[in-house]
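Down below is the structure, laid out as C-alpha cells.
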2 protein chains.
Amino acid sequence: MARGDASDAPRVDPEELWLRPARPRRGRPPAFSREAIAAAAVALADAEGLGAVTMRRVASEIGAGAMSLYSYVPDKETLVELMIDHVSGEHVVPGLPTGDWRADLKAVAHAQRALMLRHPWLPAALPGRRTLGPRTLDFLEVVLAALRPTRLDGGARLEVFSLLTGFVAGHVAHEVARSAAAGEPDRAAAEARYLAAVAADGGHPELAEVLAAPARPTTPDETFARLLDRMVDGLDAG
Amino acid sequence: MARGDASDAPRVDPEELWLRPARPRRGRPPAFSREAIAAAAVALADAEGLGAVTMRRVASEIGAGAMSLYSYVPDKETLVELMIDHVSGEHVVPGLPTGDWRADLKAVAHAQRALMLRHPWLPAALPGRRTLGPRTLDFLEVVLAALRPTRLDGGARLEVFSLLTGFVAGHVAHEVARSAAAGEPDRAAAEARYLAAVAADGGHPELAEVLAAPARPTTPDETFARLLDRMVDGLDAG
DNA sequence: AAGTAATTCCGTACGGTGTACGAGAATAGC
DNA sequence: GCTATTCTCGTACACCGTACGGAATTACTT
C-alpha cells in the first residue's frame, strides 16, 4: 500500500462497531444505514477500484453530504472494514462440513477465490484488517467446523484458517495484477524484454532456463487448483 | 489497501527503470543517486511506517527540494518499488542449494520472514508490486536453483516461489498487526470482550470452543515454523 | 570561445484527500 | 414547551502527489 501504516492508528472499539445498540432512543433518526453505505462503497470499488472509494464519493453516491458518513463510521479505515465484512456474507458454501476436511477446505478456498475475483479490491484491502466482523465470523465458523475431523487444537485451526485466507488472497492478487497487465500489451512486451535482457547477461542461469522453456498454456483455474491441492494435501492432520 | 487501485496506473517501463544507461553524456550531473534515495525512504519507513514516506519527506530527509525526486523516479509508486528491491538485497542465504530442497525452501522462508520483521512495511507494500528488480531477481535465482531437485517445470517453480512469498508476507502481516495490537492493552481487551460476546450468543459453537480452550503459549517463531513445515512438507516434488 | 542541447534542481500552484469543527435540524422524553 | 440527544453537512485546514516552467550546470559542436 502505498497505504498508511498500521502501527499508530487510533483504532475503533469493535464492540462499538459491530454490536451497536439497535436504535438510539432519542435524537434525529438516521437517514441511511451502515449496510447501505457499505453496499454503495462496495459497488464503487467493484466498478472503479478501491482508489475511487472516497468519503465524498461514497457520500454523494448515496445522496448524502460528504461529512454525513462520519455519523455512521469514525474512519475511512472503518468503512473499508465494513466493506470487507459486507462482501464476506457472499461466500457461503452449502453442505459443509462433509466429513472430508481436505475436500471441505478446498471448497472453501475456491469460494474465497471466486469472491475475490468478483471483488478484485479485496486482496489489497485485507492486509489492514483490524477485527473480524460478524459475516467473517460466520465464515470462520464454517471453516472451524470443517477442520473438526483433524483433531487439531483450537489455535492450530485458527492458524490454518489464516494460512488459507492468506494464500488465496496472495494468489488472487497476483492473478488480478497479471490479467490487468495483459490488458496493456506494450507493458507486457517491455517486461518480457527486460527479463530477457537479465537472462542474457549470464548471471541468472536458472531464470534463463525457465524463460527459455516453452510455457505450456494453463488456465488460471487449473493453476490455482494445482497450488491449492499441493498446499492442502500437505497439511498434517495433527 | 486502502491504497489506490492497480488497474489503471500509467506504469513505468521496467527497462527504463532497472537497466538505465550508466550516465547521461550531457547535462547537469545528479546530486544524489537512486540508491541513496531508496535508502533514505527505507530508513523512514522503518522508523515511522510506510505512511511517513512522502515525496516531500524523503526529499527533505536527503537534503533536496521536494520536486527533485522526480528526476530519479517518475512516480511515488516507483519509489516504493525501489525500496522493495533495495531491502531485497538483504536476504542472502549462504550455502544454497544444499540438495535438500525442502530444507532449502524453509531456510529461504525464514530469511524472508526475518527481512519482513526488520521492515514491517514490506508485507503491506508487496501487493502492488509491478516488476521484479535486480536484487529480487537474484533472490529468485537462488530459489529456482534450490528447487532444481524437484524436477518441477519452470512454470511450477515460479508458482512455488510466489506461493512461498505470499505465504510469508501474509503471515508476517498478521504477526506485525498482532504485536502492534498487543501494545494497546485497551484495544486487545475490547477485542477479547467482543469475541466473547459473539461466542456467548450461541450461534458460533466452534468459535466458542476454540476461545474456551486454554491457549497454550507458543512463540511466534514456533508458530511460523510449524505452519511453514506443514506447507513445505506438503509440496509435491512432482 | 561561443553557442546549443541535455539534464538536474526546485519554487509555485492545483486539484484532491481525510477529517475537525460547529451551526442547524429533527426527534424523544420531561 | 423545554431540553437532551442525535444526525446533517458547509466550511476550513493540513497534507498529499505531481504538472509546469525557469534557473543552474554540464558536455558536445562549431
Side-chain angles (χ1 to χ4, degrees), chain A residues 1-6 8-12 16 20-37 41 44-45 48-83 128, chain B residues 1-6 8-12 16 20-37 41 44-45 48-83 128:
Chain A
M1 175 201 98
R3 184 216 321 208
D5 195 22
D8 50 0
R11 322 280 181 75
V12 192
E16 193 77 18
R20 213 194 214 174
R23 240 323 180 51
R25 299 272 166 246
R26 292 209 286 238
R28 181 176 178 168
F32 313 101
S33 69
R34 281 203 310 233
E35 199 68 18
I37 292 172
L44 202 51
E48 303 181 33
L50 199 56
V53 176
T54 302
M55 297 304 267
R56 294 173 226 258
R57 194 63 205 286
V58 172
S60 92
E61 213 76 25
I62 211 185
M67 291 305 291
S68 299
L69 294 194
Y70 286 95
S71 304
Y72 300 86
V73 145
D75 250 2
K76 192 202 170 176
E77 196 125 31
T78 306
L79 212 204
V80 176
E81 208 90 353
L82 246 46
M83 292 169 64
Chain B
M1 35 212 194
R3 188 220 314 219
D5 196 22
D8 48 1
R11 321 280 181 77
V12 190
E16 192 78 19
R20 213 194 214 176
R23 240 321 182 51
R25 300 269 167 247
R26 293 209 285 237
R28 180 174 181 167
F32 313 100
S33 69
R34 280 202 312 230
E35 200 68 17
I37 292 171
L44 202 50
E48 303 182 32
L50 200 57
V53 177
T54 65
M55 298 303 266
R56 293 173 226 256
R57 200 50 210 288
V58 172
S60 92
E61 213 76 24
I62 210 184
M67 290 304 292
S68 299
L69 294 194
Y70 287 96
S71 303
Y72 301 86
V73 145
D75 248 5
K76 192 202 170 177
E77 195 127 30
T78 307
L79 212 204
V80 176
E81 208 90 356
L82 245 45
M83 292 170 64

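Naming convention: chains lettered A, B, ... in sequence-line order (proteins, then strands); numbering from 1 in each chain.
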Query raised in the report: side-chain contact (heavy atoms from CB on, under 4.5 Å) with A:Pro29: which residues, sequence neighbours excluded?
Result: A:Arg23
Requested in this report: Check the distance between C:dG18's P and A:Leu79's CG and give it to me in whole angstrom.
Outcome: 9 Å
Report task. Starting from C1' on D:dT8, measure out to CG on A:Leu69 and report it in whole angstrom. Result -> 11 Å
Requested in this report: Starting at the 5' end of nucleotides 21-30 of chain C, put B wherever the base has a protein heavy atom under 4.0 Å, S where only the sugar-phosphate does, and a dash everywhere else.
Outcome: B--BBBBBS-
Report task. Just call it for B:Ser68: base, sugar-phosphate, or nothing, with non-hydrogen atoms closer than 4.0 Å on any strand. Result -> base
Query raised in the report: Rounded to the nearest 0.5 Å, how far does OG1 of B:Thr54 lie from NZ of B:Lys76?
Result: 7.0 Å
Report summary line: Under a 4.0 Å heavy-atom cutoff, the residues of residues 56-65 of chain B touching DNA chain C are B:Arg56, B:Ala64, B:Gly65
Query - Main-chain N/O of B:Ile37 paired to B:Tyr72 side chain as donor or acceptor, under 3.5 Å - result: no
Report summary line: When rounded to whole Å, the NZ to C1' distance for the pair A:Lys76 and D:dC16 reads 13 Å
Report task. To the nearest Å, give me how far apart CE (B:Met55) and P (C:dC10) are. Result -> 14 Å
Query raised in the report: To the nearest Å, how far apart are B:Tyr70 OH and C:dT12 P?
Result: 18 Å
Query raised in the report: Are any of the side-chain heavy atoms of A:Val73 and A:Leu82 separated by less than 4.5 Å?
Result: yes
Distance-only criterion, 3.5 Å: show the donor-acceptor pairs between side-chain atoms of residues 55-65 of chain B and protein atoms not counting sequence neighbours.
| unit_1 | atom_1 | unit_2 | atom_2 | d |
| --- | --- | --- | --- | --- |
| B:Arg57 | NE | B:Glu61 | OE1 | 3.4 |
| B:Arg57 | NH1 | B:Glu48 | OE1 | 3.2 |
| B:Arg57 | NH2 | B:Glu48 | OE2 | 3.0 |
| B:Ser60 | OG | B:Arg57 | O | 3.3 |

Requested in this report: Kindly give the heavy-atom pair with the smallest separation between B:Ala41 and B:Leu79, and that separation in Å.
Outcome: CB-CD2, 4.0 Å
